[in-house]
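Hydrogens, waters and symmetry mates are skipped; everything else that's a heavy atom, side chains included, is used.
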Number of protein chains: 2
Amino acid sequence: MNISAAAERSGVPPKTIRYYEEIGLVRPLREDNGYRSFQDSDVHKLTFLGKARALGFGIDDCRALLALWEDEARTSAEVKRIANGHLSEIDTKIAGLLAMRATLAELIEHCRGDSRPDCPIIKSLEP
Amino acid sequence: MNISAAAERSGVPPKTIRYYEEIGLVRPLREDNGYRSFQDSDVHKLTFLGKARALGFGIDDCRALLALWEDEARTSAEVKRIANGHLSEIDTKIAGLLAMRATLAELIEHCRGDSRPDCPIIKSLEP
DNA sequence: AATGAAGGTTCCCAAGACTGGAAGGTCAAG
DNA sequence: CTTGACCTTCCAGTCTTGGGAACCTTCATT
């Protein structure tokens, strides 16, 4: 299977697949002509990676999760540990964004948004 | 005033100040020896930028807000427009993160996290 | 005067995770 | 044989810093 077929089946764009190969996440075989040759197992890995990325896992987490997936002796505790770490990061980001949002929304609420220069948003940024 | 003093007063690190100069957000004068020479107005701008960045505004928004701040003929409507645009982006990000968080939290909840390989988190990533 | 510390300067590299484009090889159909 | 759709590699850019090297200036101390 060529790269575009693998891309279509996995949902991961060709460019990204090449990048994943470059950083060692997948290792497709090569045809005599130099084209990458994807097995079903490669496509499965790519699909796995696509889903993990969609959940926001970073590349390093993806690498670890992929290794665990292929490790029959894995423990669910290790998987859970990684997932919990990622969850914490997400929560931190959400908290930061919510704080920003609250401040910003309040400023916007008090801004008349008319043709005058007077504006609490600008005012809040002033030294 | 040298760069480290300006950094201290504005709260913006020297490296970041140099970057802001590079992209034209501030234009400090230069001493004969080549050192940057910051006026109070430069420090005020940097402080303004620091606050705007802390609210999550992108560099382009910061540039626009800075211009509006210095424009006596500005309209609060224009400021509000930028702020609302940014609020939308924040809301989009929050929504994405909350969706991820919900999925991930549910998976984690159902993962026993023991020494066995069986794991709903990994399972959800499988093709 | 000489020296050393503490500042300043520029420039390059790294991050994360791709994405776009250029230059060129390969393949199947007409 | 040509066309067009693939494929390949390599280079560069994204965005906002942070780290560090190599070098210059200034000031204080020996």
Side-chain angles (χ1 to χ4, degrees), chain A residues 1-38 42-43 45-46 48-66 82 85-86 89-90 92-93 96-97 100, chain B residues 1-39 42-43 45-46 48-66 86 89-90 93 96-97 100:
Chain A
M1 186 187 334
N2 281 343
I3 196 168
S4 63
E8 206 166 320
R9 290 199 207 175
S10 66
V12 178
K15 276 283 194 187
T16 305
I17 295 177
R18 293 194 188 98
Y19 173 65
Y20 286 171
E21 184 189 27
E22 190 187 326
I23 63 176
L25 283 179
V26 287
R27 304 180 191 285
L29 299 173
R30 295 289 179 138
E31 307 277 2
D32 290 345
N33 58 17
Y35 286 17
R36 289 171 183 83
S37 173
F38 294 82
D42 293 319
V43 175
K45 274 195 197 182
L46 289 169
F48 182 99
L49 288 169
K51 290 187 180 185
R53 294 286 301 125
L55 275 179
F57 285 103
I59 292 288
D60 285 349
D61 280 348
C62 287
R63 196 187 302 275
L65 290 171
L66 202 51
I82 294 173
H86 181 43
E89 286 173 16
I90 289 177
T92 301
K93 280 188 194 168
L97 287 170
M100 274 183 196
Chain B
M1 188 186 335
N2 281 343
I3 196 169
S4 62
E8 207 167 319
R9 290 199 207 176
S10 65
V12 178
K15 278 282 196 187
T16 306
I17 295 177
R18 295 196 185 97
Y19 173 64
Y20 286 172
E21 184 190 28
E22 191 188 325
I23 62 175
L25 283 179
V26 287
R27 305 182 190 282
L29 299 174
R30 295 288 179 141
E31 306 278 2
D32 290 344
N33 59 15
Y35 287 17
R36 288 170 184 82
S37 173
F38 293 84
Q39 312 293 116
D42 292 320
V43 175
K45 275 194 195 183
L46 289 169
F48 182 97
L49 289 169
K51 290 186 181 188
R53 294 286 297 130
L55 276 179
F57 284 104
I59 293 288
D60 285 348
D61 280 347
C62 287
R63 196 186 303 275
L65 290 171
L66 203 50
H86 179 43
E89 285 174 16
I90 289 178
K93 279 187 194 169
L97 287 171
M100 273 184 199

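Whole-Å rounding puts the B:I17 CD1 to C:dT9 P distance at 10 Å. The CD atom of B:E31 sits 12 Å away from the P atom of C:dG8 (whole-angstrom rounding). Rounded to whole Å, the distance from CD1 on A:I3 to P on C:dC18 is 14 Å. In this structure, the CZ atom of A:R36 is 17 Å from the P atom of C:dG25, given to the nearest Å. Here C:dA15 presents its C1' atom at 11 Å from CG of A:D60, a figure rounded to the nearest Å.
Put simply, A:N33 has a side-chain N or O that comes within less than 4.0 Å of OP1 or OP2 on C:dC27.
Among the heavy atoms of the strands, none lies under 4.0 Å from A:I23. Looking at heavy-atom distances under 4.0 Å, B:P13 makes contact with sugar-phosphate atoms alone, never a base. The residue A:R53 sits close only to the backbone: its heavy atoms come under 4.0 Å of sugar-phosphate atoms, none of a base. B:R18 comes within 4.0 angstrom of a nucleotide base, judged by non-hydrogen atoms across all strands.
The closest donor-acceptor contact from the side chain of A:R36 to the backbone of A:M1 lies at 3.5 Å or more, if one exists at all. Checked by atom type and distance alone, the side chain of A:S10 pairs as donor or acceptor with a backbone atom of A:A6 at under 3.5 Å.
Shown here are the side chain to side chain contact (heavy atoms under 4.5 Å, CB included) partners of B:A64, two or more places apart in sequence or in another chain: B:I82.
Minimum atom distance to the side chain of B:Y35 is reached by D:dC24, of the listed D:dC6, C:dT10, D:dC24. For A:K15, whose side chain is taken as the heavy atoms from C-beta onward, the closest listed nucleotide among C:dG20, C:dT10, D:dG20 is C:dG20. Side-chain atoms of B:Y20 lie closest to D:dT17 of the nucleotides C:dG21, D:dC6, D:dT17.
Looking only at side-chain heavy atoms (C-beta outward), B:K93 and B:I90 stay at 4.5 Å or farther from each other.
For A:Y19 against C:dG16, no side-chain N or O and base N or O form a donor-acceptor pair under 3.5 Å.
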